[in-house]
Amino acid sequence: MKNILSIDGGGIRGIIPAIVLAEIERVTGKPICQLFDLITGTSTGGILALGLVKDSGSGEPQFSAKELIDIYRQRGRDIFSRSFWKGMSSVAGLMDEKYPTDGIEKVLEEYLGHEPLGAALNNVMITSYDLGNRKPLFFKSWKTSFYQTEMRHVARATSAAPTYFEPALIPTCGSLAALIDGGVFINNPAVSAYAEALKLFPGEDIRVLSIGTGELIRPIDHGEACDWGKAGWMLPVLDCVFDGVSNAADYQMEQFLGENYIRLQVALEDAADDMDNASKGNIRLLEAEAERLLEVNRHVIESLFSTDGVIA
């Protein structure tokens, strides 16, 4: 049995899968990169995936999942930060990107340094979309063409959500590529992870653990939406795309794998679903949502992992 981990996108809501992964590490006593044969992620899930496979220099992961929670608790407001004049000039993201890239790029460099993707401790695949070639781009750590692409650049590309951050212009494969958030086509990368696993591990049974960043349940009022033009739809349509493709992938994976597909997701009953709400109050609410997810699914996690830290 080959075990695959898939982590959704969702901005600051990435604290939810980070908390779930920290609990899995606590239960098993092993780092995530030793529990799975392939780790995939989109956007904030891609940042987590890269952090989990970054080598400390001694063949062990530099960060535990618990340590990566601090990206959201302590650095969320650095990532989603803008000056008064930036807010005015962007008109809340309608005329320009909502946030400057200084904050996110600084955080990514602090955590990932200049580590190349080829040095990852495990197979990792990160999604993005190539504007120049108008097609999805999958960064694969085992592909020689991506060996020297720096993890921080991959993380910047996968998290370049339109309207929030400007497209990432990064060096990869011997040239510069203009890339945006992989969530525009695959916010839940489980299907692509499964397809890749079939190629990496031919003839093997496949099991996929997919972790969401909170299900959007806030309704969009018909009367309000009827009056939206391009400007009004700009941010809501992005939420609809990200949420819609995640739910579609979830359905497809259930059909493909049945009980060998495990989806851990929680409805956002109290926390705001905005990808950039990094306020202390919302972080606390997101943590509470994650704890609720764990409480409901504790038996799933305990049955998935045996007492010696091996996937059962």
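No hydrogens, no waters, no symmetry mates; every other heavy atom, side chains included, goes into these values.
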Practice task
Return yes if a side-chain donor-acceptor contact under 3.5 Å exists between D181 and S43, otherwise no.
Solution key: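 A donor-acceptor contact under 3.5 Å links the two side chains.
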Handout entry: Pair T127, T42: side-chain N/O donor-acceptor within cut-off below 3.5 Å
Key = yes
[X] vs [Y] side-chain heavy atoms within contact, under 4.5 Å:
{"X": "M275", "Y": "R13", "value": "yes"}
{"X": "Y129", "Y": "L131", "value": "yes"}
{"X": "I79", "Y": "I71", "value": "yes"}
{"X": "I4", "Y": "R207", "value": "no"}
{"X": "H153", "Y": "F139", "value": "no"}
{"X": "N260", "Y": "M1", "value": "yes"}
{"X": "D70", "Y": "R75", "value": "no"}
{"X": "I126", "Y": "T40", "value": "no"}

Working to the nearest 0.5 angstrom, can you tell me the gap between [X] [atom1] and [Y] [atom2]?
{"X": "I206", "Y": "E196", "atom1": "CD1", "atom2": "CD", "result": "11.0 Å"}
{"X": "N277", "Y": "L286", "atom1": "CG", "atom2": "CG", "result": "7.5 Å"}
{"X": "D8", "Y": "D250", "atom1": "CG", "atom2": "CG", "result": "8.5 Å"}
{"X": "L117", "Y": "E150", "atom1": "CG", "atom2": "CD", "result": "11.0 Å"}
{"X": "N3", "Y": "I39", "atom1": "CG", "atom2": "CD1", "result": "11.0 Å"}
{"X": "I32", "Y": "N122", "atom1": "CD1", "atom2": "CG", "result": "11.0 Å"}

Using atom types as modelled and distance alone, determine if a side-chain donor or acceptor of [X] lies under 3.5 Å from a backbone N or O of [Y].
{"X": "S56", "Y": "Q62", "result": "no"}
{"X": "S192", "Y": "P189", "result": "no"}
{"X": "N282", "Y": "A272", "result": "yes"}
{"X": "D273", "Y": "G214", "result": "no"}
{"X": "D130", "Y": "L179", "result": "no"}
{"X": "Q255", "Y": "Q252", "result": "no"}

Got a salt bridge between [X] and [Y], using NZ or NE/NH1/NH2 to carboxylate O under 4.0 Å?
{"X": "E289", "Y": "R292", "value": "yes"}
{"X": "K2", "Y": "D205", "value": "no"}
{"X": "E23", "Y": "R26", "value": "yes"}
{"X": "R263", "Y": "E254", "value": "no"}
{"X": "K106", "Y": "E109", "value": "no"}
{"X": "E105", "Y": "R152", "value": "no"}

Do [X] and [Y] belong to the same hydrophobic cluster, where Ile, Leu, Val, Met, Phe, Trp and Tyr are linked whenever their side-chain heavy atoms lie under 4.5 Å apart, directly or via other members?
{"X": "V191", "Y": "L257", "answer": "yes"}
{"X": "V154", "Y": "Y147", "answer": "no"}
{"X": "L38", "Y": "L121", "answer": "no"}
{"X": "I170", "Y": "L176", "answer": "no"}
{"X": "L268", "Y": "V296", "answer": "no"}

Problem - Pair S159-Y164, side chain to side chain donor-acceptor pair (under 3.5 Å): steps then yes or no - result: CA-CA 9 Å; S159 58; Y164 289 91; over 6 Å; no
Handout entry: Test log, rule side chain to side chain contact (heavy atoms under 4.5 Å, CB included), inputs L5 and I211
Key = CA-CA 8 Å; L5 173 64; I211 308 179; 3.9 Å; yes
Exercise for the section: Evaluate side chain to side chain contact (heavy atoms under 4.5 Å, CB included) for E25 paired with K66, printing each intermediate quantity in order. Expected result: CA-CA 8 Å; E25 288 190 338; K66 185 176 182 179; 5.5 Å; no
Between [X] and [Y], which heavy-atom pair has the shortest distance, and what is it?
{"X": "S210", "Y": "N188", "answer": "OG-OD1, 3.5 Å"}
{"X": "A190", "Y": "S6", "answer": "N-OG, 3.1 Å"}
{"X": "I16", "Y": "A290", "answer": "CA-CB, 4.0 Å"}
{"X": "G10", "Y": "T213", "answer": "CA-OG1, 3.7 Å"}
{"X": "S141", "Y": "A120", "answer": "CB-CB, 4.1 Å"}
{"X": "I7", "Y": "P17", "answer": "CG2-CB, 3.8 Å"}

Completion exercise
Apart from L285 itself, members of its ILVMFWY cluster (side-chain separation under 4.5 Å) are none
Handout entry: Centroid-centroid under 6.0 Å between Y111 and F63 rings
Key = yes
Problem - Atom CD of E259 with >12 non-hydrogen neighbours under 6.0 angstrom - result: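 Open: at most 12 neighbouring heavy atoms sit under 6.0 Å from CD of E259.
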Exercise for the section: Show your reasoning for whether side chain to side chain contact (heavy atoms under 4.5 Å, CB included) applies to E60 and D55. Expected result: CA-CA 6 Å; E60 296 292 327; D55 193 341; 5.7 Å; no
Practice task
Could you please spell out the steps behind the side chain to side chain contact (heavy atoms under 4.5 Å, CB included) verdict for I301 and I24?
Solution key: CA-CA 7 Å; I301 293 173; I24 291 174; 4.1 Å; yes
Practice task
Evaluate the ring planes of Y99 and F80, with Trp represented by its six-membered ring, and classify them as parallel (under 30°), tilted (30 to 60°) or perpendicular (over 60°).
Solution key: perpendicular
Exercise for the section: For N297, check side-chain hydrogen bond (donor to acceptor under 3.5 Å, both in side chains) against everything at least two apart and list the hits. Expected result: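 Not a single residue meets the side-chain hydrogen bond (donor to acceptor under 3.5 Å, both in side chains) criterion with N297.
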